[in-house]
2 protein chains.
Amino acid sequence: MTLQPLYPRATWQRTAIMSALENAGTFMSAQDLYERLRSEGARVGLTTVYRTLQSLNDRGEIDVLHVAGKEAAYRRCGTPVHHHHLVCRSCGRAEELESAAVEEWARESAQSHGFTAVTHTVEIYGLCGACASGGD
Amino acid sequence: MTLQPLYPRATWQRTAIMSALENAGTFMSAQDLYERLRSEGARVGLTTVYRTLQSLNDRGEIDVLHVAGKEAAYRRCGTPVHHHHLVCRSCGRAEELESAAVEEWARESAQSHGFTAVTHTVEIYGLCGACASGGD
DNA sequence: ATTGGTTTTGACAATCGTTTTCATCTAAGC
DNA sequence: GCTTAGATGAAAACGATTGTCAAAACCAAT
Ligand SMILES: [Zn+2]
Ligand SMILES: [Zn+2]
Ligand SMILES: [Zn+2]
Ligand SMILES: [Zn+2]
């Protein structure tokens, strides 16, 4: 029997993007990552960064956040289970949050109104301690 | 003493946009409203629709929803107090939701992590009964 | 190692929602 | 009515993201 090919293929770009995001720990946009990678000498294309982030998100390996007028921001989270975020508006730092009560409320609200195929978005935004004091 | 000027000025465009949204009851994008107004014979410009929705939102008279890859959607809600939405992904119909528990959870989570200037977004998406059965 | 079929890359163009421009129009106050 | 600052809208500009496609990289099988 012949081996199945590996998807997606292991390219150094994919690895570089993933580890840059992992190192950052914060939410970062495709452009942020692109600039950081270039400044470190990695010669990746912006298109590739977009594509890779999208594919990682499709596979559930990273989380994405869509804020009003801003670029989509991605983060490599510590847990693969469903959770939400407390995000610093200024630096992108994030805490992972879980709440059985909120999940229950969402499910119950939808059900009692006859809605099906339910999903939800729950995000909290603020200024982290560091940014509130000096940083900004 | 001279009277203060009225802002924003009362134009028929502003009135038409506001009442079209009020009638709809659902979340609608600028383009949706533009098309509906034009089809009713109202000769408004798309730019004006965008500007008016933005200004109404700034004044807190309408709510806005930003869904992943879609256009911003606006809705004239029944209450001026803080609330969230249970939105039909298909037709835009929405129920207004309130939960002291969720508000408390959000505030408490932020505080315990040292975050200030806190806001949050909480939206539930699904298929309403009508859309789930026949409509789509 | 070399080959060959397939996937991935990346410079560039295209898309699409939204904002800006700016000349013209108009409501509000005299 | 007259004045004028605010409002309108057609068209151009914008910015994030996606599509295109030829060249480069990968990998399983020789
Ligand atoms: Zn911060
Ligand atoms: Zn949840
Ligand atoms: Zn529906
Ligand atoms: Zn709330």
Side-chain angles (χ1 to χ4, degrees), chain A residues 1-21 27-59 61-75 92, chain B residues 1-21 27-59 61-75 92:
Chain A
M1 60 171 60
T2 63
L3 293 180
Q4 301 300 318
L6 250 52
Y7 297 124
R9 284 185 181 171
T11 63
W12 66 264
Q13 287 96 331
R14 196 168 270 265
T15 308
I17 293 167
M18 187 62 180
S19 73
L21 190 53
F27 275 95
M28 299 190 78
S29 72
Q31 318 235 28
D32 288 342
L33 276 166
Y34 173 71
E35 280 172 30
R36 169 166 302 196
L37 287 164
R38 300 292 285 210
S39 78
E40 289 170 353
R43 309 181 39 58
V44 292
L46 180 55
T47 308
T48 300
V49 177
Y50 272 105
R51 262 191 307 236
T52 302
L53 289 173
Q54 194 173 263
S55 121
L56 285 170
N57 182 58
D58 288 347
R59 287 158 187 283
E61 298 191 37
I62 60 179
D63 287 2
V64 63
L65 210 59
H66 290 95
V67 181
K70 303 201 189 316
E71 312 156 36
Y74 298 84
R75 180 174 192 266
Chain B
M1 56 171 63
T2 63
L3 293 180
Q4 301 299 318
L6 248 52
Y7 297 125
R9 286 186 181 171
T11 64
W12 66 263
Q13 287 96 330
R14 195 167 271 265
T15 307
I17 293 167
M18 188 63 181
S19 72
L21 190 53
F27 275 96
M28 300 190 76
S29 72
Q31 317 235 27
D32 290 342
L33 278 166
Y34 173 71
E35 279 171 32
R36 169 166 302 195
L37 288 164
R38 300 291 284 210
S39 78
E40 290 171 352
R43 309 181 38 58
V44 293
L46 179 56
T47 308
T48 300
V49 178
Y50 272 106
R51 262 192 305 236
T52 302
L53 289 173
Q54 193 173 264
S55 121
L56 286 170
N57 182 58
D58 288 346
R59 287 158 187 283
E61 298 191 39
I62 61 179
D63 287 2
V64 64
L65 211 59
H66 289 94
V67 182
K70 302 199 190 320
E71 313 156 36
Y74 298 85
R75 181 174 190 265

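Labels below follow one simple rule: chain letters A, B, ... track the order of the sequence lines, proteins then strands, and each chain is numbered from 1.
One atom, CG of A:Leu33, and another, C1' of D:dA16, lie 15 Å apart when rounded to the nearest Å. Atom pair B:Arg38:CZ and D:dT8:P shows a separation of 14 Å (rounding to whole Å applied). One interatomic measurement links the two molecules: CG of A:Asn57 to P of D:dT17, which rounds to 12 Å at whole-angstrom precision. Whole-Å rounding puts the A:Lys70 NZ to C:dT19 C1' distance at 15 Å. The OH atom of B:Tyr7 sits 6 Å away from the C1' atom of D:dA5 (whole-angstrom rounding). The OH atom of A:Tyr34 sits 15 Å away from the P atom of C:dT9 (whole-angstrom rounding). For the pair A:Leu46 CG and D:dT20 P, the computed distance is 18 Å after rounding to whole Å. Remark: P of D:dG15 and CD of A:Gln31 are 10 Å apart, rounded to the nearest angstrom.
At the heavy-atom level, A:Ala30 lies nowhere under 4.0 Å from the strands shown.
Side chain B:Arg9 to base D:dA5: a donor-acceptor pair is found below 3.5 Å. Within 3.5 Å, no donor on the side chain of A:Arg51 pairs with an acceptor on the base of D:dT18, nor the reverse. With hydrogens and angles ignored, no donor-acceptor pair closer than 3.5 Å exists between the side chain of A:Thr11 and the base of D:dC26.
Looking at every heavy atom in both residues, A:Asp63 comes nearest to A:Phe27 through O-CE2, 4.1 Å. Across B:Tyr34 and B:Gly45, no two heavy atoms sit closer than the pair CE1-C, 3.9 Å. Considering every non-hydrogen atom in both B:Trp12 and B:Ala42, the closest pair reads CZ3-CB, 4.3 Å. Considering all non-hydrogen atoms of both residues, A:Ala20 and A:Leu33 come closest at CB-CD2, 3.8 Å.
Set against C:dA28, D:dC27, D:dT18, the side chain of A:Gln54 has D:dT18 as its closest nucleotide. Residue A:Tyr50 places its side chain closer to D:dA16 than to any other of D:dA16, D:dG9, C:dA28. Picking from C:dT18, D:dT18, C:dT6 the nucleotide with the shortest atom distance to the side chain of B:Glu71 gives C:dT18. The side chain of B:Ala72 lies closest to C:dT18 when the candidates are C:dT18, C:dT20, C:dT9. With C:dA28, D:dT8, C:dG17 as the choices, the nucleotide that has an atom nearest any side-chain atom of B:Gln13 turns out to be D:dT8. Looking at the side chain of A:Thr48, the nearest of the listed nucleotides D:dT17, D:dC27, C:dT9 is C:dT9.
Exactly one residue among A:Glu35, A:Lys70, A:Glu71 makes a side-chain contact (heavy atoms from CB on, under 4.5 Å) with A:Ser29. That residue is A:Glu71.
Remark on DNA chain C: of its neighbouring residues B:Pro8 and B:Ser29, the 5'-side contact belongs to B:Ser29, judged by nearest-heavy-atom nucleotide.
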